[in-house]
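Here is the structure we will look at, set down as structure tokens.
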Amino acid sequence: MSMMLETPEMPAVFDGMKLAAVAAALYVIVRCLNLKSPTAPPDLIYQDTAINSFLLKSCPLLTKEYIPPLIWGKSGHIQTALYGKMGRVSSPNPYGLRKYLTMPDGATATFDLFEPLAEHCTGESVTMVICPGIANHSEKQYIRTFVDYAQKNGYRCAVLNHLGALPNIELTSPRMFTYGCTWEFGAMVNYIKKTFPQTRLIVVGFSLGGNIVCKYLGEAATNQDRVLCCVSVCQGYSASRAQDTFLQWDQCRRFYNFLMADNMKKIILSHRHALFTDNRINKVFEDSVLSRLYTATSLMQIDDTVMR
């Protein structure tokens, strides 16, 4: 009898649980997609100079309100995942020639050279020398898209392939790219200057590449010869502060750190023979380094174990 009295109340309990689950799911969706985030023009920080005034007049998009795609467009995580893994609906495949440069230490630097597909609006020869982000190269989708657009607007493009990043190019010395080494980028720029003596340069760096190109331009005044300007996209500014930030779980930073570290480990291990098979390296030391590398879960641990 008591069971009969309790039974009619059970659907109400289940309905309440369903409503709570739906409400929780909607909260997570709204929070993850940043649907409540208002749209606004970008914040611009600049000095009041003639060239900056010219840039603002030439690029009105900089002062307009940014309206992202509906539903998923306000989430940087989803934009990163979709574009990083899937790319555009039809990513372009610009045609270029791969160049090989032998470095003083025996390393082989490579870069891809893409000729312009139209005349530049000035009628002059202008070359973009491009440094991709960490562990990236000319075959990445965002680089292909950028190069294709630049070619169609009359720019020659030279894209550095970070040492060790291309899966089909073997290392010829026990060295791969690091966060501060400008040797390969400098070799590419010198090649362009010698091969095209009349061309002017626009230096472009993405993320880690932004650090490298800015460092390169500041290393010697001669590095700035024939350079019209430098464009640094999404560059980091403080490595020490970034280390602490990357270990935080806020905005999934720790997760991204793990993914980048995992990618770095795969690149290092793919070149294990070139990097560690050296008579000067003690076998016990090599095994110790590899053991710590296998267990590393952050870029900082890989830096301490191998890169430094």
Please tell me if the side chains of [X] and [Y] come closer than 4.5 Å, counting only heavy atoms from C-beta onward.
{"X": "Asn161", "Y": "Ile169", "value": "no"}
{"X": "Tyr46", "Y": "Leu55", "value": "no"}
{"X": "Asn136", "Y": "Ile143", "value": "no"}
{"X": "Ile212", "Y": "Phe177", "value": "no"}
{"X": "Thr297", "Y": "Gln301", "value": "yes"}
{"X": "Leu290", "Y": "Arg272", "value": "yes"}
{"X": "Gln235", "Y": "Cys214", "value": "yes"}
{"X": "Val231", "Y": "Val213", "value": "no"}

* Structure fact -> Residue pairs passing the ring pair (Phe, Tyr, Trp, His ring centres under 6.0 Å) test with at least one member in residues 109-140, sequence neighbours excluded, are Phe111-Tyr191, His120-Tyr155
* To do: Mind jotting down which residue pairs meet the ring pair (Phe, Tyr, Trp, His ring centres under 6.0 Å) criterion with at least one end in residues 199-231? Sequence neighbours excluded, please.
  =>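 Those involving residues 199-231 are Tyr142-Phe206, Phe146-Phe206, Phe185-Tyr216.
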What pair of heavy atoms forms the shortest contact from [X] to [Y], and how long is it?
{"X": "Gln224", "Y": "Leu217", "result": "NE2-O, 2.9 Å"}
{"X": "Asn223", "Y": "Lys193", "result": "O-NZ, 3.8 Å"}
{"X": "Ala135", "Y": "Ala165", "result": "O-CB, 3.6 Å"}
{"X": "Ser125", "Y": "Arg156", "result": "OG-NH1, 3.1 Å"}
{"X": "Val159", "Y": "Met188", "result": "C-SD, 3.9 Å"}
{"X": "His162", "Y": "Cys131", "result": "CE1-SG, 3.6 Å"}

Side-chain heavy atoms nearer than 4.5 Å, only ILVMFWY residues, links allowed to pass through others: does that put [X] and [Y] together?
{"X": "Met103", "Y": "Leu171", "value": "no"}
{"X": "Leu208", "Y": "Trp183", "value": "no"}
{"X": "Met176", "Y": "Tyr294", "value": "yes"}
{"X": "Leu117", "Y": "Val147", "value": "no"}
{"X": "Met128", "Y": "Tyr149", "value": "no"}

* side chain to side chain contact (heavy atoms under 4.5 Å, CB included) between Arg254 and Leu247: does it pass, once the steps are laid out? -> CA-CA 5 Å; Arg254 188 66 178 84; Leu247 293 176; 3.8 Å; yes
Count the heavy atoms of every other residue, nucleotide or ligand shown that sit under 6.0 Å from [atom1] of [X], and state whether that count exceeds 12.
{"X": "Asp48", "atom1": "CG", "value": "no"}
{"X": "Glu119", "atom1": "CD", "value": "no"}
{"X": "Tyr179", "atom1": "OH", "value": "yes"}
{"X": "Glu65", "atom1": "CD", "value": "yes"}
{"X": "Leu44", "atom1": "CG", "value": "yes"}

Are the side chain of [X] and the backbone of [Y] linked by a donor-acceptor contact shorter than 3.5 Å?
{"X": "Arg226", "Y": "Leu201", "value": "no"}
{"X": "Thr145", "Y": "Gln141", "value": "yes"}
{"X": "Asn190", "Y": "Gly186", "value": "yes"}
{"X": "Ser270", "Y": "Ile267", "value": "yes"}
{"X": "His271", "Y": "Gly164", "value": "yes"}
{"X": "Lys265", "Y": "Ala296", "value": "yes"}

[X] side, atom [atom1]; [Y] side, atom [atom2] - distance, nearest 0.5 Å:
{"X": "Leu56", "Y": "Leu61", "atom1": "CG", "atom2": "CG", "result": "11.5 Å"}
{"X": "Glu139", "Y": "Asn168", "atom1": "CD", "atom2": "CG", "result": "6.0 Å"}
{"X": "Ser173", "Y": "Leu163", "atom1": "OG", "atom2": "CG", "result": "6.0 Å"}
{"X": "Leu160", "Y": "Asp112", "atom1": "CG", "atom2": "CG", "result": "9.5 Å"}
{"X": "Lys215", "Y": "Cys181", "atom1": "NZ", "atom2": "SG", "result": "7.5 Å"}

* Asked: Step by step, would you call Val22 with Leu19 a side chain to side chain contact (heavy atoms under 4.5 Å, CB included)?
  -> CA-CA 5 Å; Val22 171; Leu19 288 174; 5.6 Å; no
* **From CA spacing to verdict: side chain to side chain contact (heavy atoms under 4.5 Å, CB included), Glu115, Leu113** => CA-CA 7 Å; Glu115 292 296 332; Leu113 186 62; 4.0 Å; yes
Side chain to side chain contact (heavy atoms under 4.5 Å, CB included) involving [X] - partner list, sequence neighbours excluded:
{"X": "Pro68", "answer": "Thr39, Tyr66, Lys74"}
{"X": "His77", "answer": "Ser75, Gln251, Cys252, Tyr256"}
{"X": "Val289", "answer": "Phe276, Phe285, Arg292, Thr305, Val306"}

* Asked: Yes or no on side chain to side chain contact (heavy atoms under 4.5 Å, CB included) for Arg98 and Leu166, after CA distance, side-chain angles and deciding distance?
  -> CA-CA 12 Å; Arg98 182 153 295 165; Leu166 280 171; 3.7 Å; yes
* To do: Given salt bridge (Lys or Arg N to Asp or Glu O under 4.0 Å), test Asp105 with Arg175 step by step and report yes or no.
  => CA-CA 9 Å; Asp105 66 343; Arg175 180 173 69 85; 2.6 Å; yes
* To do: Go through the steps for Lys152 and Asp148 under the test salt bridge (Lys or Arg N to Asp or Glu O under 4.0 Å), then give the verdict.
  => CA-CA 6 Å; Lys152 292 176 180 177; Asp148 180 71; 3.1 Å; yes
* List the steps and the verdict of salt bridge (Lys or Arg N to Asp or Glu O under 4.0 Å) for Arg253 and Asp250. => CA-CA 6 Å; Arg253 294 185 181 111; Asp250 184 44; 3.4 Å; yes
* Please name all residues satisfying side-chain hydrogen bond (donor to acceptor under 3.5 Å, both in side chains) with Gln151, sequence neighbours left out, ordered by chain then number. => none
* Return yes if a side-chain donor-acceptor contact under 3.5 Å exists between Asn257 and Ser298, otherwise no. => no
